[in-house]
Amino acid sequence: TQLLEQSPQFLSIQEGENLTVYCNSSSVFSSLQWYRQEPGEGPVLLVTVVTGGEVKKLKRLTFQFGDARKDSSLHITAAQPGDTGLYLCADEDTGGFKTIFGAGTRLFVKA
Amino acid sequence: EAQVTQNPRYLITVTGKKLTVTCSQNMNHEYMSWYRQDPGLGLRQIYYSMNVEVTDKGDVPEGYKVSRKEKRNFPLILESPSPNQTSLYFCASSLTASYNSPLHFGNGTRLTVT
């Protein structure tokens, strides 16, 4: 069974700081997805990456997929309070029709 | 507005009292799924459905039932709830079961079983 490990578990920073969170898989990703979950809401998809070495940017967020497709990072530049939330990485399980999630990194950005 | 709607948002019940959490999507999605979210464990899949009348177990199906009689609805049934089913539950749907088809989540149902 594939396991997704995210680090750090919790991160509290000041507005304007940069940060990076990580996602590591026990096996090669089929397709890596990053979701953000705000308090009281369900997760919302941020990005999907498929190709090893791929880099995608979404405004101040930069997503990087490892060459071996077993790890990924999410970098946020100049964090804002609106970035506060739980960041989840996920993968499609090739053995079945389901998405596997990591436990997430809980980010709190103080104004 | 395209959305996944869960009801209720909050539910407190007692051990053994049957309950149903409803889930409805208005996007004509084929794939629907239920997850539970617990601190430190992330989202774990309970059941999923590829289409009408097609359902299958996820990673933690014990104590739960589902049905998919219509494409838009996918209710989660707890026949005899127990305290270890206290959790935050999410319903999700996608056009198909593919990485090209992202999951759309409801806003969750927080269940407490005493």
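Here is the naming used below: chain letters follow the sequence lines, and residue numbers restart at 1 for every chain. When reading the values below, keep in mind they use all heavy atoms of this one structure, side chains included, and skip hydrogens, waters and symmetry mates.
Follow the hydrophobic side-chain contacts under 4.5 Å out from A:L46 and you never reach B:F105; the two are in separate clusters. A:V49 and A:L58 fall within the same hydrophobic cluster, where Ile, Leu, Val, Met, Phe, Trp and Tyr residues are linked whenever their side-chain heavy atoms come under 4.5 Å apart, directly or through other members. No continuous path of ILVMFWY side-chain contacts below 4.5 Å connects A:L74 to A:Y35, so the two sit in separate hydrophobic clusters. In the hydrophobic cluster analysis, where Ile, Leu, Val, Met, Phe, Trp and Tyr join through side-chain heavy atoms closer than 4.5 angstrom, A:Y87 is grouped together with A:V109. The hydrophobic cluster containing A:I76 does not contain A:Y22, counting ILVMFWY residues as joined when their side-chain heavy atoms lie under 4.5 angstrom apart, directly or transitively.
Smallest separation of non-hydrogen atoms from B:F90 and A:Q37: CZ-NE2, 3.2 Å. A:L45 and B:P102 make their closest contact through CD2-CB, 3.1 Å (heavy atoms, listed as atom of the first residue, atom of the second, distance). In plain terms, the two heavy atoms of A:L86 and B:Q37 that are nearest each other are CD2-NE2, 3.5 Å. Across all their heavy atoms, A:A103 and B:G40 have their closest contact at CB-O, 3.6 Å. Between B:L103 and A:F101 the shortest heavy-atom distance is CD1-CZ, 4.2 Å.
Enclosure of atom CZ in A:R106 is not indicated, since only 12 or fewer non-hydrogen atoms of other residues, nucleotides or ligands lie within 6.0 angstrom. In A:K110, the NZ atom is crowded: over 12 heavy atoms of neighbouring residues, nucleotides or ligands sit closer than 6.0 Å. A:K56 NZ: more than 12 foreign heavy atoms inside a 6.0 Å radius.
Within the 4.5 angstrom heavy-atom criterion, atoms from both the backbone and the side chain of B:L43 approach chain A. Heavy atoms of A:L32 lying under 4.5 Å from chain B are absent altogether. Of the atoms belonging to B:Q6, not a single heavy atom falls under 4.5 Å from chain A. Contact annotation for B:R9: only side-chain heavy atoms (C-beta onward) come within less than 4.5 Å of a heavy atom of chain A.
Each of A:P43, A:G102, A:G104, A:A90 has some count of heavy-atom pairs under 4.5 Å with chain B, and the biggest count is that of A:P43. Top candidate by heavy-atom pairs under 4.5 Å with chain A, chosen from B:H104, B:M50, B:R44, is B:M50.
Side chains of A:K98 and B:D59 form a contact here, defined as non-hydrogen atoms less than 4.5 Å apart.
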